[in-house]
Every structure is written in structure tokens, then in C-alpha cells.
2 protein chains.
Amino acid sequence: MTHSPLRPPTMADVARLAGVSHQTVSRVLGDHPNVRDETRAKVQRAIEEMGYRRNSSARALATRRTRTLGVVASNTTLYGPASTLFALEEAARAEGYLVSTVSVRKLTVETLSEALDHLSDGGVEGVIAIAPQRSAVEALAELRRPFPVVAVGTGSASTVPSANVDQHLGARLATGHLLAAGHRTVWHLAGPEDWQEAADRVAGWRATLEEAGVEPPMPLRGDWSPLSGYRAGQELAGWVGRGLTAVFVANDQMALGVLRALREAGVRTPQDVAVVGYDDIPESEFFAPPLTTVRQDFSTVGQRSIALLLDLIEGRTPSGTAQIAIEPQLVVRASTYPYASPPGTAPPG
Amino acid sequence: MTHSPLRPPTMADVARLAGVSHQTVSRVLGDHPNVRDETRAKVQRAIEEMGYRRNSSARALATRRTRTLGVVASNTTLYGPASTLFALEEAARAEGYLVSTVSVRKLTVETLSEALDHLSDGGVEGVIAIAPQRSAVEALAELRRPFPVVAVGTGSASTVPSANVDQHLGARLATGHLLAAGHRTVWHLAGPEDWQEAADRVAGWRATLEEAGVEPPMPLRGDWSPLSGYRAGQELAGWVGRGLTAVFVANDQMALGVLRALREAGVRTPQDVAVVGYDDIPESEFFAPPLTTVRQDFSTVGQRSIALLLDLIEGRTPSGTAQIAIEPQLVVRASTYPYASPPGTAPPG
DNA sequence: GAGGTCATTGTGAGCGCTAACAATTCATGG
DNA sequence: CCATGAATTGTTAGCGCTCACAATGACCTC
């Protein structure tokens, strides 16, 4: 760090100082075995002294590997996508890769295409698309790029390689939990129609009810926001006393709105209506009442999807066939059980 | 797109197909003026036909510009940092830059140093550090790197160039609003001690009270989480009837906890105690009651900080002197005014 | 019609690194 | 004491692009 030339030192500079060839410096940097310890030490010293760092562009040009991955994320601060993003970066860094991100406001063929091009121009070797909207999955299938693309959050609909939490199972856990608590039926406030994960949760909820011999009521729709949950909650409140005793809400934020609407309508949770959410955001423990919900392990999602993408880059896995499912987990809180233990009523049917 | 050679086409390939020199292709790509329209069209056609894309590594090597910026973010899903991250990427992309992110779990000299090295190895031309913790600011000042670093979220303490929302002003807006509503004094639930923004909010709150001739009570401490807000709320509930009528909480999530604790203690908001939060997260409108809070415009933060960083990279701005302040905004909701209009009581003093 | 100017295009030399191969050193055994 | 091969080091040629400069040709002007 003693010098301060206008241009950063090159490998040749280090080689000169160490009295070796640039190739030997390269070997030291690359942990090549056939270098004498003494030489290695000499080179290391020169590197330290000059504060030398390998030029990544030159390296990338020579090796044809940039060691950079791209991530396309929706421009959102939703808990799921944000958590996934961090988990992805961490997993990628552990493998020595840099992560470049592009955030898009809407997931359409155009925006996705632009995002992929931007990343492509940045030289990424592969891309993870956090693409929860169904349109995005279709767009992704359509957009061929010279590098592999792995989707995350696409639910069951992935025609592209993907890693996903098993949403169907998550919905089953939530719905089954309510049925096991003695509820005759379970209503559902679903997420946006074009989100595959929302559709999968609907399917899991519906299947669980049908297997229990219950005709599923018409699901309500929200847009993930507390406001939409609030609106739906007002509607749901009107059904209390007419068979509505339990609601499975497709995410925690909407559940927050539902809880508020119910409270305002004089409906008690969970005594009158039990509520289950989805995601287990940090706040859900502090809702009134604390929310029973389904937890997704985003850290695992990150690791598995990065592993899959690297496999694809190395050509270890046939593209198009790789689908990874990750198990979610039910977290029981006061919004379904007001007291310590469940009613213990056997499920109907 | 018709060919599919093992290696992607190079500029020379395109040149050959178009019947020109590689340099002419380069000129077309670079929008150089002195190219005949006919030639340009010919080249464009060849580019299309081969699906050619410039190799970014080669370009970076030749120009010594990677057109990549780095961002260091705390591994968090807090609303502020997440919003900032997206805003930064958008602003950078608008300037033609790619953004590489590194997320760290803790902001220490070691983790920051590693993060900067990782980005440095990725060839970034500059870095934005989302560094709200005071320790991070110090660490940043200590860590010299061969590229400029701009801090965001460092509040007033930046010894490095930075762009920040004026936290002092935000706290004044919140506190002044409560005083203007007739409250004799305002309590404060602060954020973590080592967050500079938290300290700035404390300072703004304290200054406002002192200017009104009020002795500030001892501030309480939280860690931004709803749980810590809940705990503090329980403590605050004990002071109701002994002079506590208004609380300024340093973020919305803690305010959520405070609201719940107050409610459980039989304290009504805002009739017994008025509460103001900070951030204006999307959920705060749906708290019980809807939360009065201070909104920060992260999109502006993103644009201004990227602009500053690019100035620094181009050498347009002397390093170390650049500090940008952005104005926050008060959003009034039911947690301070139960009815349509404020009490209209004149502030004391 | 010679000389000059301008627009347009081409040529050659790197950018800093790695990969392949060539050269050297060194220990070892016959 | 030299041949033999392994260990170690050096040399050369690109990777695909941009930059500086040279070359070409069209079009004027006097």
C-alpha cells in the first residue's frame, strides 16, 4: 500500500518487484500447487506491498467467466421477495459469485426482457428471477437467453427450472389446522389472481376441504395489502353467524387488515372467528391477537436455487427438468387458539 | 439469432458479415456521429442477424470502466433499507450502471471490509453503503479504498460523503405536531443507541421540547422491532395519568408494539395517549388506530446519492465535503387526531 | 485540375489476465 | 557422472474490445 501510482498495479508490476514472471504471480493467486514455498512467500510479500488486486475484467476476458450472477426482483418491499433477495446474495457469495440486481416495477415480457438484457450486458453467467406472478413465468419461458435462468416463487407452474416453497402443502397445513380445531369449514382470502403462489394456496385449501367432505366457499380476493385485507374483512364480518368461523388468509399483511375489520365489526378473534395467515413476517407475532401463520424458509430457498443455477451453468443438470420443493411450517399463535391447548375436536368427515 | 456457434459472435464476426471493419461496428454501437447511414444500417442488420451483444469484460478492460456500482446493505427486511436498495438500483440503471449488492448481517469494520473487497474484486467503480449504524460510519471513514464510497442513512454523522433524510427535521415535525395539539410534553421511544438516525431523532425531539420550554423526559430504547415497542409500551402505560399523554416512536414497527401494549393496558389511543411513528410503512395506515407518522422519500435518496457517487467517480466533487439532506414529511392520521380536525390548542410556552 | 478540407473507414497496438507450451532446475539412480 | 523425469518457472499467444492514428475518397475552391 506504499505506492500510489495513477494506475493500480498490474500483475507484471508485482512480478517485477518479486523478481519472477507474471505467470508465477498468477499461479500464486490461483493456488496452483507447483510453486516453491519460498517463491510463493516472495510473491505474497510483493502483492501485499503494492496492495495489488487482480483486475476482474481482464480475468473475465481471459477465462470467459465473470463469476457474476443476476437477480431480477419485483420492486417491492414485501417480506417474501426481500428476504429471498438477501438469501440469494448470501448463498451466491458463499460460492464466490457476485450478485447484480435489477428491480422491476411490473413483471411483463417487456420489463423482464429489458432486465435480462441489462444483466446480460453486465456479463452475468446466469440469472435468478424472483417471479411470483404467473405472467412472469410465461414471459420467462418465452425469453430465451444464452445463459440459464432459474425462477423462484413461481409456485407449481414453472416451465423453467425453479426452487419453490411448497405452497400447496402450506395451505394444507393452515386449512387442516383449522379443521382439526373443529371448524366446519374454512373461508379463504386469496392473493392476486395472477400470482401462482396465490393460486397454489387456493388449490391446497380447496383440496383439503374437499378431502374432508366440505364444499369450499367462494374464495375472496385481495392484493396482499392490508387495505385489501381490511375490505375483505368487512365482507367476511357479514358472514359471521351464517357459517363463517374460520378464515385462512393468503398472507400476513392482509390478515392484519382482516383482524382490524373484524374487530371493528365487533367480531372477536379467535372466539368468534379464527384467522390463519401466511409468511410469518416479524410483525405477525404482535398483531392483535398474535397471528397463527405459515412460515417459509427463504434462506433454504436461496441456497437451493443458487445451487441449481450453478449446476445449470456448469451443465450438470438438464435444463427444464429441475424443480425443487421446500417444506413450509405451521406456526400456531393466539389467532386460532385463545388458550394454551387446542379444543381437540376431531375433524368432521 | 439464426446461428448457434459454440461461442457467441464477436465484433469481428459482425464486421465480416457486414463487410466492414470491427472498428466501424464499434462506432455504430457507440453512436459515433461519423458513420454513413447506409453503413450503419448494414451493420445494424448484421448485429440483429447474429444476435450480437458486446462483451462487457473486453469492453471494461479496454475502457477501464466497468459501469458497475456496488451497494452494501444490512441483511434486513426493514422497510427503510429495503426501499433504499430498490431506489438505488433504479437510479443507477437510469444512468446505465449495473448494481452489485452485498448484504451483511452486522456492520463492523470486518464485515464492511470484506464486503468492500468482494465488490472491489467485482470491479465496481464506486460503492453506496446503506450504513445506518454509527459503528458503520466510523468503519467507513477508516476503510480507504481506491474507489469512492457514499453513505446513506448515516444521519448527521457522516465523515464520508452522504445523502440523508433530515432526521432532525423529521423528529421536529413529529414532536411539534404533538405540542401544537396541546400536549404538555412528549415522550420518546428511541431506536438502538448505535444508529445515528435514531440519535438524530432523539436530538430533534429534545431540541423541540427545549425550545418550547419543556424539560424532556428520559427517552426509552427499542431495537426497531414490534416486540421492543411492546415492552416499552407496557412501561409507558405505567406513566399514563402521571403526565404522559403523547409518545413519539422512532419507527412504525415499534409503534405497532406500543399501540398493542397500550390497548392491553386499557389505555386508549389517541384519547388517552397520542402516538406518532416514523417511516410511513404501507401497513401503518391500518394499525389500530391508523398511525400518524413521518414519511421519508427513499426514491429521492436513491437518486441523489447515485448522482453524488457518479460525481465523485468522475472527479466532479471534492470527496469528503459532499453532504446531501432530504426533507421528510409529516403524515397525520387517527393516532393523534381522533376526529376530523385538531383540537387547535395553542402550544405551551 | 491541383490542393485542401471534410466525412468516413481501416489499421495496429494495447488493456491485464490465463492457458498452453517451452525451458529450466533439481534430485535421483544406474 | 550423466541420463531421466518430475518439479518449477518462463514465454508466447490470444481473450474481444477501444483508442489513436492513418488512409481513403468525395467534394470544394480558386
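The chains referred to below are lettered A, B, ... by the order of the sequence lines, with proteins before strands, and numbering in each begins at 1.
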Peer 1: Determine: side-chain N/O of A/R59 to OP1/OP2 of D/dC15, distance under 4.0 Å, yes or no.
Peer 2: no
Peer 1: What is the distance from atom CZ of A/F298 to atom CD1 of A/I326, rounded to the nearest 0.5 Å?
Peer 2: 10.0 Å
Peer 1: Taking only residues two or more places apart in sequence or in another chain, which ones pass side-chain contact (heavy atoms from CB on, under 4.5 Å) with A/D117?
Peer 2: A/S113, A/R145, B/R53
Peer 1: Could you check how far CE of A/M50 sits from C1' of C/dG16, rounded to whole Å?
Peer 2: 14 Å
Peer 1: B/L61 CG to D/dG14 P: how many Å, rounded?
Peer 2: 17 Å
Peer 1: Just to verify, what does A/A62 make a side-chain contact (heavy atoms from CB on, under 4.5 Å) with, not counting sequence neighbours?
Peer 2: none
Peer 1: Partners of B/A82 by side-chain contact (heavy atoms from CB on, under 4.5 Å), sequence neighbours excluded?
Peer 2: A/T77
Peer 1: Whether B/S26 contacts D/dT18 is assessed here as follows: a side-chain N or O lying under 4.0 Å from the phosphate OP1 or OP2. Is that the case?
Peer 2: yes
Peer 1: Give the rounded distance in Å between these two atoms: CZ of B/R16 and C1' of D/dG16.
Peer 2: 13 Å
Peer 1: Check the distance between D/dT11's P and A/M11's CE and give it to me in whole angstrom.
Peer 2: 16 Å
Peer 1: Looking at A/R64, I'd like to know whether one of its side-chain N or O atoms comes within less than 4.0 Å of OP1 or OP2 on C/dC17.
Peer 2: no
Peer 1: In whole angstrom, what separates A/Q23's CD from C/dG16's C1'?
Peer 2: 13 Å
Peer 1: Among pairs that include at least one residue of residues 309-318 of chain B, which meet salt bridge (Lys or Arg N to Asp or Glu O under 4.0 Å), considering only residues two or more places apart or in two chains?
Peer 2: B/R65-B/E314, B/D311-B/R316
Peer 1: Got a sec, which residues hit side-chain hydrogen bond (donor to acceptor under 3.5 Å, both in side chains) with B/T108, two or more places apart in sequence or on another chain?
Peer 2: B/E110, B/T111
Peer 1: Could you work out, with side-chain hydrogen bond (donor to acceptor under 3.5 Å, both in side chains) as the rule, every residue matching B/T300, not counting sequence neighbours?
Peer 2: B/D297
Peer 1: For A/H22 and D/dT9, what is the distance between atoms NE2 and C1' respectively, to the nearest whole Å?
Peer 2: 11 Å
Peer 1: Of B/A62 and A/R54, whose closest DNA chain C nucleotide lies nearer the 5' terminus?
Peer 2: B/A62
Peer 1: Hey, what are the protein-to-nucleotides 24-28 of chain D N/O distances that come in under 3.5 Å?
Peer 2:
none

Peer 1: Whether the A/E89 and B/T101 side chains hold a donor-acceptor pair (N or O, under 3.5 Å, no angle test) is what I'd like checked.
Peer 2: no
Peer 1: Going from CD1 on B/I47 to CE on B/M11, what distance comes out if it is rounded to the nearest 0.5 angstrom?
Peer 2: 7.5 Å
Peer 1: Over the length of the helix from C/dG1-D/dC30 to C/dG30-D/dC1, how much do the five-pair end axes diverge, rounded to 10 degrees?
Peer 2: 50°
Peer 1: Only counting residues at least two apart or in another chain, list the ones meeting side-chain hydrogen bond (donor to acceptor under 3.5 Å, both in side chains) with A/R304.
Peer 2: none
Peer 1: Sequence neighbours excluded, which residues qualify as side-chain contact (heavy atoms from CB on, under 4.5 Å) partners of B/V137?
Peer 2: B/T154, B/T159
Peer 1: Tell me every residue that passes side-chain hydrogen bond (donor to acceptor under 3.5 Å, both in side chains) with B/R45, counting only those two or more places apart in sequence or in another chain.
Peer 2: none
Peer 1: List, with names and distances, any nitrogen or oxygen atoms from the protein found under 3.5 Å away from nitrogen or oxygen atoms belonging to nucleotides 5-9 of chain C.
Peer 2:
from, atom 1, to, atom 2, distance (Å)
C/dT8, OP2, B/N34, OD1, 3.4
C/dT9, OP1, B/R36, NH2, 3.3
C/dT9, OP1, B/T39, OG1, 2.3
C/dT9, OP2, B/R36, N, 3.0

Peer 1: Measure from CZ on B/R53 to C1' on D/dG16 and round the result to the nearest Å.
Peer 2: 16 Å
Peer 1: What's the CZ-C1' distance between A/R65 and C/dA19, to the nearest Å?
Peer 2: 15 Å
